[in-house]
Trainee: 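Below is one structure. I have some questions about it.
What you see below is based on every heavy atom in this structure, not just the backbone, and it leaves out hydrogens, waters and symmetry mates.
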Amino acid sequence: MFTIDFYNLSENRLNTLDFSEFQAIFNLMVEYRHKLFDDEYFNSDKPYIQRVFEIIKAHIPYFWVFYRVETGEILGFSYFYDVIPSKNKIHSASATICFKKSARGIPALTGAKKLIIHAFGGLDIYKIKAECFSDNFYMPKFLTRLGFEHEASLKNETIVNNTPKNLEIWSLFNPKFTVHNSKTLS
């Protein structure tokens with residue numbers, strides 16, 4: 001077993017990334033784009049390498065890279081989008097997460113739990129949402145093990161490879177806030 005951790009990919013760190021680090025993120029985005037993105041999101045006449053760079057840059061400061069502590073190998077990434085502010089806190093954010101196959105299972109769960117603790121503690125987020133396509137059989141089990149609950153199924157919500165896809169919505173609430181008491185968010 002190996003140790004997994006994450007770091008925040010800030011603007012400075014993005015500009016000084018070793019090419020092999022960027023290439024590892026790029027390869028994951030391209031390999032799993034059919035599970036990560038709908039057609040519109042990744043559709044562009046720009047080269048993929050430029051598009052991946054733009055996707056990363058657009059999600060800073062909420063972009064994290066998972067790595068193997070012992071070797072520095074990039075194992076995955078996560079980022080928040082649709083961040084909804086509420087005064088000096090974040091009410092909710094949707095999350096995307098992706099791991100290499102070699103990191104799935106306990107390492108991925110460990111890394112994701114560390115990021116959730118950071119999001120709830122350090123970023124003071126009230127709710128994290130995750131979406132996955134209904135044919136992604138790995139994610140529901142993964143999200144359930146992290147404590148997420150299924151919130152909704154949206155039929156034919158998006159298009160992937162020119163085919164309509166159902167979308168599953170999952171959510172996890174910060175335990176330090178009372179879910180039914182919105183006064184705690186002020």
Side-chain angles (χ1 to χ4, degrees), residues 1-10 13-14 17 21 24-29 31-33 35-37 55-56 58-86 88-153 167-181 184-185:
M1 190 56 69
F2 56 85
T3 308
I4 189 170
D5 209 345
F6 68 91
Y7 61 82
N8 179 260
L9 195 57
S10 65
R13 192 149 192 179
L14 174 62
L17 264 185
E21 293 174 299
I25 298 166
F26 171 80
N27 289 344
L28 280 169
M29 279 196 191
E31 182 178 356
Y32 295 107
R33 74 173 186 251
K35 293 186 179 196
L36 295 170
F37 309 110
I55 289 169
I56 294 169
H59 294 94
I60 290 174
Y62 305 115
F63 195 102
W64 298 273
V65 176
F66 295 98
Y67 66 96
R68 184 175 178 163
V69 172
E70 295 82 0
T71 63
E73 174 191 6
I74 302 297
L75 299 173
F77 64 87
S78 181
Y79 61 84
F80 289 163
Y81 61 98
D82 293 341
V83 176
I84 310 295
S86 174
N88 60 343
K89 295 178 179 29
I90 297 174
H91 176 73
S92 67
S94 295
T96 291
I97 195 164
C98 181
F99 286 97
K100 286 183 173 181
K101 285 182 182 175
S102 64
R104 292 189 185 156
I106 299 299
L109 281 168
T110 302
K113 284 179 183 178
K114 286 180 179 182
L115 183 56
I116 288 168
I117 289 167
H118 170 70
F120 284 162
L123 299 176
D124 222 14
I125 291 178
Y126 172 69
K127 176 183 180 180
I128 300 172
K129 293 187 304 184
E131 300 174 350
C132 67
F133 300 128
S134 61
D135 60 353
N136 186 340
F137 302 108
Y138 173 74
M139 284 307 294
K141 184 175 180 181
F142 180 73
L143 292 169
T144 300
R145 290 183 74 186
L146 289 170
F148 282 77
E149 293 182 11
H150 185 263
E151 226 178 85
S153 297
L167 196 62
E168 304 292 323
I169 310 293
W170 294 76
S171 63
L172 181 64
F173 290 90
N174 189 332
K176 85 176 195 180
F177 297 114
T178 305
V179 175
H180 300 293
N181 185 357
T184 61
L185 291 178

Trainee: Do Leu146 and Leu109 come close enough that some side-chain heavy atom pair is under 4.5 Å?
Mentor: yes

Trainee: To the nearest 0.5 Å, how far apart are OG in Ser94 and CZ in Phe80?
Mentor: 9.5 Å

Trainee: Any donor-acceptor pair under 3.5 Å linking the side chain of Glu21 with the backbone of Ile74?
Mentor: no

Trainee: Kindly compute the distance separating CH2 (Trp170) from CD (Glu131), expressed to the nearest 0.5 Å.
Mentor: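 That separation rounds to 13.0 Å.
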
Trainee: Indicate the atoms forming the closest heavy-atom contact of Ile4 with Val69, along with that distance.
Mentor: C-CG2, 4.2 Å

Trainee: With ring centroids as reference points, do Phe173 and Tyr126 lie under 6.0 angstrom apart?
Mentor: yes

Trainee: Step through the shown structure and confirm whether more than 12 heavy atoms of other residues, nucleotides or ligands are within 6.0 Å of CD on Glu149.
Mentor: no

Trainee: If we only count heavy atoms from C-beta on, is the Asp5 to Tyr67 side-chain gap below 4.5 Å?
Mentor: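 SC-SC contact between Asp5 and Tyr67 confirmed.
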
Trainee: To check you understand the geometry: which heavy-atom pair defines the closest contact between Gly111 and Phe6, and what is its length?
Mentor: O-CD2, 4.5 Å

Trainee: Working to the nearest 0.5 Å, report the span between CD1 of Ile125 and CZ of Phe120.
Mentor: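 It comes to 7.5 Å.
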
Trainee: Indicate yes or no: at least one non-hydrogen side-chain atom of Lys114 is less than 4.5 angstrom from one of Ile117.
Mentor: no

Trainee: Less than 4.5 Å apart, any side-chain heavy atom of Ser153 and any of Ser134?
Mentor: no

Trainee: So do the side chains of Ile55 and Tyr81 get within less than 4.5 Å of each other, counting heavy atoms only?
Mentor: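 A side-chain contact is absent here, since even the closest heavy-atom pair is not under 4.5 Å.
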
Trainee: NZ/Lys129 to CG/Leu172 distance, rounded to the nearest 0.5 angstrom?
Mentor: 13.0 Å

Trainee: Calculate, to the nearest 0.5 Å, the distance between atoms CD and CG belonging to Glu168 and Leu143 respectively.
Mentor: 10.5 Å

Trainee: In this structure, which one of Phe77, Trp64, Tyr79 forms a ring pair (Phe, Tyr, Trp, His ring centres under 6.0 Å) with His59?
Mentor: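 Going through the options one by one, the only one that passes is Tyr79.
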
Trainee: Does any part of the side chain of Phe26, heavy atoms only, come nearer than 4.5 Å to the side chain of Ile56, both counted from C-beta?
Mentor: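 Counting from C-beta outward, Ile56 and Phe26 never come under 4.5 Å.
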
Trainee: Should Lys100 and Glu73 be marked as a salt bridge (charged side-chain N to carboxylate O under 4.0 Å, His left out) after you check the CA-CA gap, both sets of side-chain angles, and the distance that decides it?
Mentor: CA-CA 11 Å; Lys100 286 183 173 181; Glu73 174 191 6; 3.0 Å; yes

Trainee: If you define the side chain from C-beta out and look only at heavy atoms, does anything of Leu75 sit under 4.5 Å from Phe2?
Mentor: yes

Trainee: Could you pull out the closest heavy-atom pair between Tyr138 and Gly105, with the gap in Å?
Mentor: OH-N, 3.6 Å

Trainee: What is the minimum heavy-atom distance between Lys127 and Glu151, and which atoms define it?
Mentor: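 So the minimum-distance heavy-atom pair works out to NZ-OE2, 3.2 Å.
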
Trainee: Any donor and acceptor pair, going by atom type alone, linking the side chain of Ser78 with main-chain N or O of Thr96 inside 3.5 Å?
Mentor: yes

Trainee: Rounded to the nearest 0.5 Å, what separates atom CZ in Phe99 from atom CG in Leu28?
Mentor: 10.0 Å

Trainee: State, with a plain yes or no, whether a side-chain heavy atom of Asp124 is found less than 4.5 Å away from one of Asn88.
Mentor: no

Trainee: Is the backbone N or O of Arg13 less than 3.5 Å from a side-chain atom of Ser10, with the two atoms forming a donor-acceptor pair by type?
Mentor: yes

Trainee: Between the side chains of Lys101 and Glu31, is the shortest nitrogen-to-carboxylate-oxygen separation below 4.0 Å, so that they form an ion pair?
Mentor: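 Here Glu31 does not pair with Lys101 in a salt bridge, since their nearest N and O are not under 4.0 Å apart.
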
Trainee: Specify the closest pair of heavy atoms between Ile90 and Tyr62, including all atoms of both residues, with the distance to one decimal.
Mentor: CD1-OH, 3.5 Å

